[in-house]
Enquirer: 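Could you have a look at this structure, given as structure tokens, before my questions?
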Number of protein chains: 2
Amino acid sequence: MPRSRSRLANDAWESLLTAHASLMKRFAAEPIWDQLSMREYDVLYTLSKHDGPIRLFELGRGVLLSQPALSRLVERLAERGLVERTPDPEDGRGLRLGLTAAGREAQRSVGGRHAVDVARAVADVLTDEEMRQLESIGRKLAGAATPAQQTHRTRKEAVL
Amino acid sequence: MPRSRSRLANDAWESLLTAHASLMKRFAAEPIWDQLSMREYDVLYTLSKHDGPIRLFELGRGVLLSQPALSRLVERLAERGLVERTPDPEDGRGLRLGLTAAGREAQRSVGGRHAVDVARAVADVLTDEEMRQLESIGRKLAGAATPAQQTHRTRKEAVL
DNA sequence: TTGAAGTTCATGCGTTTGCATCTACCTTAA
DNA sequence: TTAAGGTAGATGCAAACGCATGAACTTCAA
């Protein structure tokens, strides 16, 4: 008897969770996080992916942190001269966040070494096709969890 | 020109990370975590998967928490009557952890509702084959990060 | 145009986390 | 047998987190 789709989905999710936890622990044990914690690196990396400055709440979508925690993490990075915070001229409530030269340098330095560890951990056990499959599956899952930008009406209706 | 294996690996890992963060946020937003936080549930779920009692450091392998944090989380769960901590008769340093009846009940109650959300999120966007692929890939990645149990000599040699 | 509702980010506060370290116990080798 | 080294878990303490809420600004409908 085949597993139900619900069972299949839960098994797949558990597998993803386990892989995530195992690899995160492995990466955390690497001696490359002396100047930047993994979370700080996550923020700098996300900023480095965008060319232009981005908003705090945009940054928050990619980072698994509450809004206040992210706000203060960015504050600390700004105090260390790695991130630049300027008021958004187009929206008086918002911030425009960007990397400083030092921030970009720190991201590249840590990122380069981290990428080596990631490649070792992943490429050693997956085939090219499996890596492509994982990338594709991950994209689908991430897209599903972020139901694209909804209009206000749509979102309201979804709640009601 | 094809992407290098290193690039493929890093892209796949980033995709996994993004999917993880997106789905975690989505699940965290569900109104089922009133009696148990996600981390607490993670611990109870891990305990529920093992039939016999397990050790704290075994539990720690599956949970993304430092040893002291896990020690205190288990302490809190024990105070709430959800987890039972007894000294290990075979190893005076260790603990034997197990679910109480209330703990098992809480895990089942939250787990049942959570599984529905997981199934919705995952099965809605992946085919059966993709879910099977994800499960397989995750297993490989998790196994790779835990290089099986090493002997003391092997581990020493790896350091030297 | 204006007021109500929504959004963005910051802040107060209690809780939880991680790091360093400690104690207790086990293991190994001389 | 015993001392040296390793492992399991607990604890002190500062840092970081999440929740609730506040302040500033934007959006939208009347």
Side-chain angles (χ1 to χ4, degrees), chain A residues 21 24-25 28-29 31 33-34 36-43 53-61 63-80 83-97 149-160, chain B residues 24-25 27-29 31 33-34 36-43 53-61 63-80 83-97 149-160:
Chain A
M24 286 298 280
K25 287 211 163 193
W33 308 108
D34 48 326
L36 241 41
S37 74
M38 285 188 87
R39 258 197 265 265
E40 289 164 348
Y41 172 73
D42 193 11
V43 166
I54 67 173
R55 302 287 297 272
L56 189 63
F57 77 95
E58 293 181 83
L59 187 59
R61 272 201 277 272
V63 179
L64 204 47
L65 224 46
S66 69
Q67 176 269 315
L70 182 58
S71 178
R72 284 193 257 240
L73 174 49
V74 167
E75 180 183 22
R76 271 172 266 138
L77 290 170
E79 279 165 6
R80 286 167 58 184
V83 166
E84 206 169 18
R85 287 186 300 176
T86 56
D88 188 334
E90 293 180 7
D91 187 337
R93 301 165 297 183
L95 289 179
R96 297 166 71 83
L97 305 174
Q149 55 265 56
Q150 300 172 316
T151 66
H152 293 293
R153 284 197 46 229
T154 311
R155 205 174 318 171
K156 264 187 194 161
E157 283 161 8
V159 170
L160 298 178
Chain B
M24 286 298 280
K25 288 209 162 194
F27 295 144
W33 308 107
D34 48 325
L36 241 41
S37 74
M38 284 187 87
R39 259 197 263 266
E40 290 164 349
Y41 173 74
D42 193 11
V43 166
I54 67 173
R55 301 287 295 273
L56 189 61
F57 76 96
E58 292 181 84
L59 187 59
R61 270 202 278 273
V63 179
L64 205 48
L65 267 182
S66 70
Q67 176 269 313
L70 182 58
S71 179
R72 283 193 258 240
L73 174 50
V74 167
E75 180 182 21
R76 272 173 266 139
L77 290 171
E79 280 165 6
R80 286 167 58 185
V83 166
E84 206 169 18
R85 287 184 301 176
T86 55
D88 187 333
E90 294 179 5
D91 186 338
R93 301 166 297 180
L95 289 180
R96 298 166 71 82
L97 304 175
Q149 56 264 54
Q150 300 171 317
T151 67
H152 293 295
R153 284 195 46 226
T154 311
R155 207 176 315 174
K156 264 185 194 164
E157 283 161 8
V159 171
L160 298 178

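For clarity, every value in this text was computed on a predicted model and none was experimentally measured. Each chain gets a letter, A, B and so on, in the order the sequences are listed, and its residues count up from 1.
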Enquirer: About how many Å separate CG of A:D91 and CZ of A:R93, when rounded to the nearest 0.5 Å?
Expert: 4.0 Å

Enquirer: Kindly indicate whether the side chain of B:R76, heavy atoms from C-beta on, has any atom under 4.5 Å from the side chain of B:L73.
Expert: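 Contact flag for B:R76/B:L73 side chains = yes.
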
Enquirer: Name the nucleic acid region contacted by B:R96, choosing base, sugar-phosphate or nothing; use a 4.0 angstrom heavy-atom cut-off, strictly under.
Expert: nothing

Enquirer: Rounded at 0.5 Å granularity, tell me how far CG in B:D42 sits from CG in B:L36.
Expert: 10.5 Å

Enquirer: Nearest-Å distance, CH2 (A:W33) to C1' (C:dC19)?
Expert: 18 Å

Enquirer: Give the rounded distance in Å between these two atoms: CZ of B:R55 and P of D:dA10.
Expert: 11 Å

Enquirer: Expressed as a whole number of angstroms, how long is the span from A:D34:CG to C:dC19:C1'?
Expert: 15 Å

Enquirer: Round to the nearest Å and state the distance from A:M38 atom CE to D:dC17 atom P.
Expert: 14 Å

Enquirer: Give the C-alpha distance, both sets of side-chain angles, the deciding distance and a yes or no for side-chain contact (heavy atoms from CB on, under 4.5 Å) between A:R85 and A:E75.
Expert: CA-CA 8 Å; A:R85 287 186 300 176; A:E75 180 183 22; 3.7 Å; yes

Enquirer: May I have the distance from B:L97 (atom CG) to D:dG9 (atom P), rounded to whole angstrom?
Expert: 7 Å

Enquirer: Could you check whether any side-chain N or O of B:R55 sits under 3.5 Å from a backbone N or O of B:L95, counting only pairs where one atom can act as donor and the other as acceptor?
Expert: yes

Enquirer: Can you pull every protein N or O that's under 3.5 Å from an N or O on nucleotides 23-25 of chain D?
Expert:
residue, atom, partner, partner atom, Å
D:dC25, O3', A:G92, N, 3.3

Enquirer: Counting heavy atoms not belonging to B:E79, are there more than 12 under 6.0 Å from its CD?
Expert: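 Yes.
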
Enquirer: Figure out the CG/P separation between A:D88 and C:dT8, and round it to whole Å.
Expert: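 Taking atom P of C:dT8 as the reference, CG of A:D88 is at 11 Å.
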
Enquirer: In this structure, how many angstroms lie between the C1' atom of D:dG18 and the NZ atom of B:K25, rounded?
Expert: 12 Å

Enquirer: When you check every protein heavy atom under 4.0 Å of nucleotides 11-18 of chain C, what one-letter string (B, S, -) results, 5' to 3'?
Expert: BBB--SSB

Enquirer: Could you tell me the separation between the CZ atom of B:R61 and the CG atom of B:L70, rounded to the nearest 0.5 Å?
Expert: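 These two atoms lie 12.0 Å from each other.
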
Enquirer: Rounded to the nearest angstrom, tell me the gap between atom CG in A:L95 and atom P in C:dC9.
Expert: 6 Å

Enquirer: Among B:L65, B:L97, B:L77, exactly one meets side chain to side chain contact (heavy atoms under 4.5 Å, CB included) together with B:V43. Which residue is that?
Expert: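 Single side chain to side chain contact (heavy atoms under 4.5 Å, CB included) partner of B:V43 among B:L65, B:L97, B:L77: B:L77.
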
Enquirer: Quick one: list whatever passes salt bridge (Lys or Arg N to Asp or Glu O under 4.0 Å) with B:E40, sequence neighbours left out.
Expert: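 Scan of B:E40 (salt bridge (Lys or Arg N to Asp or Glu O under 4.0 Å), adjacent residues dropped) gives B:R80.
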
